[in-house]
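Predicted model only: the values in this text are computed from it and were never measured. Both ligands and their constituent atoms are indexed starting at 1 by order of listing. These values consider heavy atoms only, across backbone and side chains, with no hydrogens, waters or symmetry-generated copies.
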Amino acid sequence: MAVQAQALRQAMRHWATGVTVVTSRGPGGPHGITVNSFGSLSLDPPLCLICIDRRTRAHKEIPRAGAFAVNILSDRQEEVAARFAGRRPDLTDPFAGLPLTAAPSGAPVFTGAVGYLDCVLQDQLDGGDHTIFVGCVQHAEAATAGGSPLLFYGGAFRRVAED
Ligand SMILES: Cc1cc2nc3c(=O)[nH]c(=O)nc-3n(C[C@H](O)[C@H](O)[C@H](O)COP(=O)(O)O)c2cc1C
């Protein structure tokens, strides 16, 4: 018998991750979604994956754009993560006022992110109530100024502790 959802959630609370905002720019304009189900999949060819809930807008927007950028957030961008997780309902445009550049695909890149990967959507695999989007990485950048990544653990945003 499959595990109870509550037990699965409880166990997963102990899994620490980074936090990304996956952006795309399709015919309908820019979109972003906060994602922690991001992983590096292959170096040769260079592939990464994200798991996207079928009920989200991103689930339509990413295939429409055919490309996406994974912005790896810094520990100064907790508010950016909140915006693209639907936690700022007061904002009609979650991109409003954020300093941005564009990836080669046209997807928005957040100034101050610790790095980003720009990907062409290569594959979509069934993942239950999510879809696994596989991206072929066309371009990758790490912030030259360094900075620490934002973390998510125990249902809360966290920071890396200094030694
Ligand atoms: C830390 C964190 C991580 C998240 N990771 C994911 C994820 O990996 N996949 C996903 O589909 N939703 C994830 N979400 C939820 C989405 O960000 C949220 O449902 C968002 O509002 C969807 O936006 P959209 O419908 O405009 O695309 C996460 C939320 C938070 C706070």
Trainee: In Å, rounded to the nearest 0.5 Å, how long is the span from OH of Y116 to CD1 of I72?
Mentor: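 Y116 OH to I72 CD1: 11.5 Å, rounded to 0.5 Å.
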Trainee: What protein heavy atom sits nearest atom 19 (O) of ligand 1, and how far off is it?
Mentor: T56 CG2, 4.1 Å
Trainee: Considering T20, T34, V19, V35 one by one, which has a heavy atom nearer to atom 13 (C) of ligand 1 than any of the others?
Mentor: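 Nearest heavy atom to atom 13 (C) of ligand 1 lies in T34.
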Trainee: Side chain or backbone of A82 under 4.0 Å from ligand 1, or both, or neither, by non-hydrogen atoms?
Mentor: neither
Trainee: Just to confirm my output: which protein heavy-atom neighbour is closest to atom 8 (O) of ligand 1, and how far is it?
Mentor: S37 OG, 2.6 Å
Trainee: Tell me whether R54 is salt-bridged to D126, with the criterion being a basic N under 4.0 Å from an acidic carboxylate O.
Mentor: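 Result for this pair is yes, salt bridge flagged.
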Trainee: Judged by modelled atom types alone, do T20 and N71 share a side-chain donor-acceptor pair under 3.5 Å?
Mentor: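 Judged by distance alone, the side chains do not pair up.
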Trainee: Is the closest side-chain donor-acceptor distance between T23 and H31 under 3.5 Å?
Mentor: no
Trainee: Identify the closest protein heavy atom to atom 20 (C) of ligand 1: which residue and atom is it, and at what distance?
Mentor: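 Among all protein heavy atoms, the one nearest atom 20 (C) of ligand 1 is F84 O, 3.7 Å.
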Trainee: Give me the nearest non-hydrogen protein atom to atom 25 (O) of ligand 1 as residue plus atom name, then the distance to 0.1 Å.
Mentor: R57 N, 2.9 Å
Trainee: Over all heavy atoms of both residues, which pair between R64 and P27 is shortest? Give the atoms and the distance, please.
Mentor: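 Of all heavy-atom pairs spanning R64 and P27, the closest is O-CD, 4.0 Å.
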Trainee: I'd like to check which ligand 1 atoms, numbered from 1 as shown, lie under 4.0 Å from a non-hydrogen atom of A58.
Mentor: 27 (O)
Trainee: With a cut-off of 4.0 Å, which atoms of ligand 1 are near a heavy atom of I52?
Mentor: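 The atoms of ligand 1 under 4.0 Å from a heavy atom of I52 are 11 (O).
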Trainee: Rounded at 0.5 Å granularity, tell me how far CD1 in I52 sits from CZ in F133.
Mentor: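 The CZ atom of F133 is 6.5 Å from CD1 of I52, to the nearest 0.5 Å.
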Trainee: What are the atoms of ligand 1, with element, lying closer than 4.0 Å to any heavy atom of G86?
Mentor: 21 (O)
Trainee: Pairs of donor and acceptor atoms involving the side chains of residues 3-18, under 3.5 Å and at least two apart or interchain, shall be tabulated with distances.
Mentor:
from, atom 1, to, atom 2, distance (Å)
R13, NH2, G154, O, 3.1
T17, OG1, N36, ND2, 3.4

Trainee: Before we go on, tell me: are the rings of F110 and F84 under 6.0 Å apart, centre to centre?
Mentor: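 Yes; F84 has its ring centre under 6.0 Å from that of F110.
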Trainee: For ligand 1, find out whether one of its N or O atoms is nearer than 3.5 Å to an N or O atom of C51.
Mentor: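 Yes: some nitrogen or oxygen of C51 is under 3.5 Å from one in ligand 1.
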Trainee: Heavy-atom contact under 4.0 Å between R87 and ligand 1?
Mentor: yes
Trainee: Please work out whether any backbone atom (N, CA, C, O) or any side-chain heavy atom from C-beta onward of F38 is under 4.0 Å from ligand 1, and answer side chain, backbone, both or neither.
Mentor: neither
Trainee: With backbone taken as N, CA, C and O and side chain as the heavy atoms from C-beta onward, which portion of H31 lies under 4.0 Å from ligand 1: side chain, backbone, both, or neither?
Mentor: side chain
Trainee: Which residue supplies the protein heavy atom nearest to atom 11 (O) of ligand 1, what is that atom called, and how far is it?
Mentor: D53 N, 2.8 Å
Trainee: Can you tell if the side chain of L73 reaches within under 4.5 Å of the side chain of V114, non-hydrogen atoms only?
Mentor: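 In short, these two side chains do not touch, never coming nearer than 4.5 Å.
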